[in-house]
Structures are given as C-alpha cells and as structure tokens.
Peer 1: 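The structure under discussion is supplied below as structure tokens; questions concerning it will follow.
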Amino acid sequence: MRLVNQQISCTRFHEPHQVVAALGAMQAQDYLGGIWAIGLRLPHVTETAVELAIAERKIIRTWPLRGTLHFVAAADIRWMIALLAPGMIAKRAGLFRQLELNESVLALCRKLLVKALRGNRQLTRDALMSLLESAKITTASLRGYHILWQLAHEGLLCIAAREGKQQTFALLDEWVPLTLPSLERDAALAELALRYFCGHGPATLRDFVWWTGLKVSDAKSALESVSSQLSRQVLNDTAYWMPRECAALAETARAAYLLPGFDEYLLGYRDRGAVLDPLHSEKVVPGGNGVFQPTIVINGRVTGTWKRTLNKNAVVITANPFKPLKKTEQNAFAAAAERYARFIGLPLGCVTMAPHSSGFTSATD
C-alpha cells in the first residue's frame with residue numbers, strides 16, 4: 001500500500017511538482033538522488049524535466065522539515081516554514097550560542113545577503129561565504145552553513161536553480177512571489193497531516209512526529225483534525241492511518257525499483273522494519289553515520305543496494321543484493337536499471353554485481 005500511496009508502483013500525476021505536493025515534502029539532502037526520487041514516481045519524466053520544474057520555480061529546495069533539506073512545492077513553502085520553522089529554530093538556540101551567532105551577527109548577515117541578492121540575483125554558496133568573510137563574519141566551523149539555514153527558516157532565502165554543478169541561493173520573495181494567502185496554524189497542521197498520511201500511509205502517529213519534527217501534542221491534534229478523512233487499521237496493537245480511497249494494489253507492486261539513498265519510502269517513517277530487515281540496516285547505512293545507500297526494492301522490501309557508474313557514453317548499474325536473486329527478480333532488476341538509464345538520458349551499458357555479492361548467475365528461479 002505504501003508503494004501505491006507514495007506513487008511508486010503507480011501514479012495519478014503527470015508533473016514533478018504534483019508528486020512533491022502529494023507527498024508533502026521529499027528528502028533532498030542528495031540533490032541528484034532527490035531528482036531521481038521524483039522521476040521514479042513519474043515513469044515518462046526525465047532528469048531534464050525535473051530540473052526544469054526547479055528552474056521554473058515550481059519546486060523549491062530548502063529546510064522545512066526537521067532542519068533537513070527537502071523538495072517542497074512552491075505553493076506550500078510559506079505555510080510550511082511558518083508552521084515548522086519556529087520549533088526548529090528554538091531547538092538549535094544552544095548550538096547558535098556556541099557558534100556565537102547572536103542577533104547582531106544575524107542582522108548583519110541579513111543586510112549583506114539581501115543587498116547581494118536583491119534584483120532577482122542568484123549566487124552560489126561559495127560566493128555568499130566569500131561575501132560574509134569579506135565583512136569579517138567567519139564561516140568556519142559550519143557557521144556559514146548555519147547562517148544560510150537560519151535565514152532560510154526565517155523565509156528570507158531559498159535554494160534556487162543550479163549554476164553548472166553548484167547550487168545557488170535567492171531571496172524567497174523574489175524567487176517565489178507571494179500569490180497565495182498563508183494558512184492559519186490549525187489549518188496548516190491539518191493540511192500537513194493530510195498530505196503525510198495520504199502520501200505515506202499506512203503510517204503511525206509516531207511516524208508523523210518523526211517526519212515533521214512536531215511536538216507530540218501538535219502532531220496528535222493535527223491527526224485528530226483530519227481523522228474523519230482517513231482510514232484507520234490496527235495491526236499488532238498499533239494504529240495505522242491511510243487515505244480512505246486507496247488505489248487497488250497494482251501488479252507492478254511486485255516489480256523491482258531502484259530507490260535513491262534518501263527516498264521517502266525508507267526515510268519517511270520512524271519505524272522502517274516493515275520494508276527493511278534490521279539485520280541489513282548496516283548495509284544500507286554503513287556505520288550508522290546517517291548516509292543512506294541507494295536501495296533495491298522488490299515486492300515492497302529492501303533486498304539490496306545499488307550504485308551507478310557514468311562512463312563516456314553509458315551508465316553501468318552495479319547491484320549488491322542481500323541474497324541471490326531469482327530469475328524473475330533478475331529480470332525485474334534489469335528493467336528497473338533500464339528505467340533509470342532512460343531517466344538520466346544515457347544508454348544502459350550493463351548491469352553488474354558488486355565484488356563478493358552472490359551474483360545473478362547463482363540464483364535459481
């Protein structure tokens with residue numbers, strides 16, 4: 001059901017920003033992985049089309065949830081920031097004191113960056129860091145990162161389109177002119193809950209708290225306000241919430257999917273045991289360092305990891321399954337690799353097995 005509601009096994013949308021809006025927000029720490037997460041959910045869309053949606057300002061990359069980079073539909077960015085940013089800023093107050101980022105320093109940063117970006121200009125992070133350093137505001141020890149983080153949470157800045165391989169920053173009010181009225185807090189809480197449980201369900205209140213970073217009391221209130229619009233099922237004494245009308249489980253749910261490392265299918269939940277055996281967690285997050293490897297999903301379960309290698313004229317996909325793949329699974333994986341190659345606009349050179357993996361040829365049908 002998650003494969004369906006997350007638009008992975010079937011989708012009712014045609015445009016990249018529609019997918020992002022349906023899920024509420026989508027992880028985007030890894031930019032190219034985030035681009036693929038959107039493309040994965042739109043079978044006929046290419047990498048170029050997703051980047052065009054960002055350049056056309058339909059999708060915004062910023063820090064709306066848990067202080068972590070996400071893609072958000074442009075129409076949703078302001079009410080999400082207004083709802084979630086105050087809590088995140090309060091949580092980092094101690095860190096900001098350690099970094100000596102007080103209000104006088106931040107006020108100077110605002111003045112400098114607004115002046116530099118005003119007039120619909122976009123500058124790279126390096127350019128902004130140089131600007132701050134020239135004003136004798138040190139950006140060392142991640143101070144520069146946290147300055148940008150703070151000003152984005154205030155609704156002043158956002159990440160704009162790429163300049164080559166570099167991300168640029170813009171003034172949010174110029175990059176996305178205000179055209180929609182903001183939501184009142186209760187309405188914003190309700191909207192966020194509805195987006196989450198319709199786009200991620202079946203999911204629990206605990207999952208929702210994790211995903212949003214909200215206080216438990218606020219998350220519970222938000223869920224209660226939309227519970228009549230959702231379906232509730234209890235499994236092992238745990239309540240799961242999902243949309244009332246869930247599309248029929250498609251046969252494609254049994255297909256293979258190549259997910260990026262930070263995909264919502266895995267990271268959108270506090271409890272990931274439904275899709276990832278804890279015995280394999282170390283293989284997905286080596287050393288528990290928070291860096292998630294791209295995963296292979298077959299029949300809804302994470303069954304291995306994968307990586308790409310770009311050659312001059314082709315892409316090579318290397319699989320590292322947790323156990324030997326059956327012949328039908330091999331074929332499904334090969335089809336998923338072809339889909340990824342089409343997305344990035346390169347021929348699929350070959351599909352290989354990682355050293356020490358079980359290999360395709362050892363599997364039995």
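What you are looking at is a predicted structure, and each value in this text was computed from that prediction instead of being measured.
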Peer 1: Are more than 12 heavy atoms, taken from residues, nucleotides or ligands other than Lys220, located less than 6.0 Å from that residue's NZ atom?
Peer 2: no
Peer 1: Does a sphere of radius 6.0 Å around CZ in Arg301 hold more than 12 heavy atoms from other residues, nucleotides or ligands, not counting ones at 6.0 Å or beyond?
Peer 2: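 Buried by this count: over 12 neighbours within 6.0 Å.
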Peer 1: Between Glu47 and Ile344, is there a donor-acceptor pair closer than 3.5 Å when you use the side chain of the first and the backbone of the second?
Peer 2: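 Absent.
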Peer 1: Within the distance-only criterion (no hydrogens, no angle test), does the side chain of Thr62 pair as donor or acceptor with the backbone N or O of Pro64 below 3.5 angstrom?
Peer 2: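 Pair absent, no side-chain N/O of Thr62 close to backbone of Pro64.
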Peer 1: Any heavy-atom pair between the side chains of Leu214 and Leu189 that's under 4.5 Å?
Peer 2: yes
Peer 1: Checking side-chain contact (heavy atoms from CB on, under 4.5 Å) between Leu128 and each of Leu148, Thr139, Leu112, Leu151, which is the one that passes?
Peer 2: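 The side-chain contact (heavy atoms from CB on, under 4.5 Å) with Leu128 is passed solely by Leu148 among Leu148, Thr139, Leu112, Leu151.
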Peer 1: Taking all non-hydrogen atoms of both residues into account, name the closest pair between Ala337 and Ile317 and its distance.
Peer 2: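 Residues Ala337 and Ile317, closest heavy atoms: CB-CG1, 4.0 Å.
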Peer 1: Count the heavy atoms of every other residue, nucleotide or ligand shown that sit under 6.0 Å from CD of Glu184, and state whether that count exceeds 12.
Peer 2: no
Peer 1: Measuring from Thr138:OG1 to Met129:CE, what's the distance to the nearest 0.5 Å?
Peer 2: 10.5 Å
Peer 1: How close do Gln6 and Tyr265 get, heavy atom to heavy atom, and via which atoms?
Peer 2: OE1-N, 3.3 Å
Peer 1: Taking it one step at a time, do Phe292 and Val284 satisfy side chain to side chain contact (heavy atoms under 4.5 Å, CB included)?
Peer 2: CA-CA 6 Å; Phe292 285 70; Val284 175; 4.0 Å; yes
Peer 1: Rounded at 0.5 Å granularity, tell me how far CG in Leu258 sits from CD in Glu338.
Peer 2: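 So the CG of Leu258 and the CD of Glu338 are separated by 11.0 Å.
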Peer 1: Taking all non-hydrogen atoms of both residues, which atom of Ile38 and which atom of Ile59 are closest, and how far apart?
Peer 2: CD1-CD1, 4.1 Å
Peer 1: Contact between Lys323 and Glu329 at the side-chain level, heavy atoms closer than 4.5 Å - yes or no?
Peer 2: no
Peer 1: Under the side chain to side chain contact (heavy atoms under 4.5 Å, CB included) rule, what do Ile137 and Leu131 come out as? Steps first, then yes or no, please.
Peer 2: CA-CA 9 Å; Ile137 299 173; Leu131 178 66; over 6 Å; no
Peer 1: Do Leu83 and Val216 sit in one hydrophobic cluster, given that two such residues count as connected whenever their side-chain heavy atoms are within less than 4.5 Å of each other, even indirectly?
Peer 2: yes
Peer 1: Checking Leu69 against Tyr31 for the side chain to side chain contact (heavy atoms under 4.5 Å, CB included) test, could you report, in this order, the C-alpha distance in whole Å, the side-chain angles of both residues, the deciding distance, and whether it holds?
Peer 2: CA-CA 9 Å; Leu69 282 168; Tyr31 177 78; over 6 Å; no
Peer 1: First locate atom CZ of Phe262, then atom CD of Gln293, and finally report the distance between them rounded to the nearest 0.5 Å.
Peer 2: 8.5 Å
Peer 1: Please check if the side chain of Arg162 supplies one atom and the backbone of Ala55 the other of a donor-acceptor pair under 3.5 Å.
Peer 2: no
Peer 1: With a 4.0 Å cut-off, would you call Arg2 and Glu264 a salt bridge?
Peer 2: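 Salt bridge absent between Arg2 and Glu264.
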Peer 1: Donor-acceptor check, side chain of Arg339 to backbone of Ala334, threshold 3.5 angstrom: yes or no?
Peer 2: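 Judged by distance alone, no pair lies under 3.5 Å.
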Peer 1: Would a 4.5 Å heavy-atom cut-off, applied to side chains only, mark Tyr240 and Val234 as touching?
Peer 2: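 In short, these two side chains do not touch, never coming nearer than 4.5 Å.
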Peer 1: Is Arg57 reaching over with its side chain to a backbone N or O of Val176, donor-acceptor style, under 3.5 angstrom?
Peer 2: no
Peer 1: Give me the atom names and distance for the closest heavy-atom approach of Ser231 to Pro243.
Peer 2: CB-O, 3.9 Å
Peer 1: Check the surroundings of atom CD in Glu100: do more than 12 heavy atoms from other residues, nucleotides or ligands lie under 6.0 Å from it?
Peer 2: no
Peer 1: Please examine the side chains of Cys10 and Val4, heavy atoms only from C-beta on, and report whether any two atoms are closer than 4.5 Å.
Peer 2: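 Val4 vs Cys10: side chains touch.
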Peer 1: Return yes if some donor-acceptor pair links the side-chain N/O of Gln122 with the main-chain N/O of Asn120 below 3.5 Å, else return no.
Peer 2: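 A pair under 3.5 Å: yes.
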Peer 1: Hey, are the side chains of Val45 and Phe13 touching, using non-hydrogen atoms and a 4.5 Å cut-off?
Peer 2: no
Peer 1: Is the cationic atom of Arg92 (NZ for Lys, CZ for Arg) positioned less than 6.0 Å from the six-membered ring centroid of Trp149 and within 45 degrees of its normal?
Peer 2: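 Yes, a cation-pi geometry.
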Peer 1: Can you confirm whether Ser281 sits close enough to Leu276 that some side-chain heavy atom of one is under 4.5 Å from a side-chain heavy atom of the other?
Peer 2: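 Sidechains of Leu276 and Ser281: in contact.
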Peer 1: Can you tell me if Trp63 uses its side chain to pair, donor with acceptor, with the backbone of Thr68 under 3.5 Å?
Peer 2: no
Peer 1: Tell me whether Arg244 contacts the main-chain N or O of Ser228 through its side chain, where contact means a donor paired with an acceptor under 3.5 Å.
Peer 2: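 Yes, because the side chain of Arg244 sits within donor-acceptor range (under 3.5 Å) of the backbone of Ser228.
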Peer 1: Okay, side chain of Arg342, backbone of Thr46: is any donor-acceptor separation there less than 3.5 Å?
Peer 2: no
Peer 1: Is it true that Glu154 and Arg110 make a salt bridge, defined as a side-chain N closer than 4.0 Å to a carboxylate O?
Peer 2: yes
Peer 1: Are Met26 and Met80 in one and the same hydrophobic cluster, where Ile, Leu, Val, Met, Phe, Trp and Tyr link if side-chain heavy atoms are under 4.5 Å apart?
Peer 2: no
Peer 1: Taking only Lys NZ, Arg NE, NH1 and NH2, and the carboxylate oxygens of Asp or Glu, determine whether Asp173 and Arg118 approach each other closer than 4.0 Å.
Peer 2: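 Salt bridge: no.
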Peer 1: Let me check something: do Ile81 and Ile60 share a hydrophobic cluster, defined by ILVMFWY side-chain heavy atoms less than 4.5 Å apart, either directly or through other members?
Peer 2: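 Ile81 and Ile60: one cluster.
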Peer 1: Please tell me if the side chains of Gln150 and Leu101 come closer than 4.5 Å, counting only heavy atoms from C-beta onward.
Peer 2: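 Heavy-atom side-chain distance check fails, nothing below 4.5 Å.
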Peer 1: Please answer: with hydrophobic residues joined when any side-chain heavy atoms are less than 4.5 Å apart, are Leu40 and Val50 in the same cluster?
Peer 2: yes
Peer 1: Considering non-hydrogen atoms only, spot the tightest contact between Leu178 and Arg78 and give its length.
Peer 2: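 For Leu178 versus Arg78, the nearest heavy atoms are CD1-CD, 3.4 Å.
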Peer 1: Taking all heavy atoms of Trp210 and all of Leu267, pick out the closest pair and write down the distance.
Peer 2: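 Shortest heavy-atom separation between Trp210 and Leu267 comes out as NE1-O, 3.1 Å.
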Peer 1: Nearest 0.5 Å, what's the CZ-CD distance between Arg195 and Glu191?
Peer 2: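 One finds 4.5 Å between CZ of Arg195 and CD of Glu191.
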Peer 1: Measure the OG1-CH2 distance between Thr204 and Trp241 for me, rounded to the nearest 0.5 Å.
Peer 2: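 Those atoms lie 11.5 Å apart.
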Peer 1: Does the pair Arg185 and Asp218 meet the rule for a salt bridge (charged side-chain N to carboxylate O under 4.0 Å, His left out), with working shown?
Peer 2: CA-CA 10 Å; Arg185 191 171 191 277; Asp218 285 338; 3.0 Å; yes
Peer 1: Please check if atom CD in Glu163 has more than 12 non-hydrogen atoms from other residues, nucleotides or ligands closer than 6.0 Å.
Peer 2: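 At most 12 heavy atoms, drawn from other residues, nucleotides or ligands, come within 6.0 Å of this atom.
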Peer 1: Does some side-chain heavy atom of Ile35 sit less than 4.5 Å from a side-chain heavy atom of Glu51?
Peer 2: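 They are in side-chain contact.
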Peer 1: To the closest 0.5 Å, what do you measure between CG (Leu52) and CD (Glu15)?
Peer 2: 9.5 Å
Peer 1: With a 4.0 Å cut-off on N to O distance, would you call Arg41 and Asp263 a salt bridge?
Peer 2: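 Salt bridge flag = yes for Asp263 with Arg41.
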Peer 1: Hey, is the main chain of Leu99 close enough, under 3.5 Å, to the side chain of Arg143 for a donor-acceptor pair?
Peer 2: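 A pair under 3.5 Å: yes.
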Peer 1: Ignoring hydrogens and angles, state whether a donor on the side chain of Asn102 or Ser104 is under 3.5 Å from an acceptor on the partner side chain.
Peer 2: yes
Peer 1: Could you list the residues that satisfy side-chain contact (heavy atoms from CB on, under 4.5 Å) with Ala203, not counting sequence neighbours?
Peer 2: Tyr196, Phe197, Asp207, Tyr269
Peer 1: Would Leu157 and Leu171 count as a side chain to side chain contact (heavy atoms under 4.5 Å, CB included) here? Give the steps.
Peer 2: CA-CA 5 Å; Leu157 302 181; Leu171 296 177; 3.9 Å; yes
Peer 1: If two hydrophobic side chains count as joined below 4.5 Å and joins carry through other members, does Ile296 share a cluster with Leu3?
Peer 2: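 Per the 4.5 Å side-chain linkage, Ile296 and Leu3 are co-clustered.
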Peer 1: Run through Phe333, Trp36, Tyr257 and flag the one making a ring-ring contact (aromatic ring centres under 6.0 Å, His included) with Tyr340.
Peer 2: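 It is Trp36, the one option of Phe333, Trp36, Tyr257 that forms the ring-ring contact (aromatic ring centres under 6.0 Å, His included) with Tyr340.
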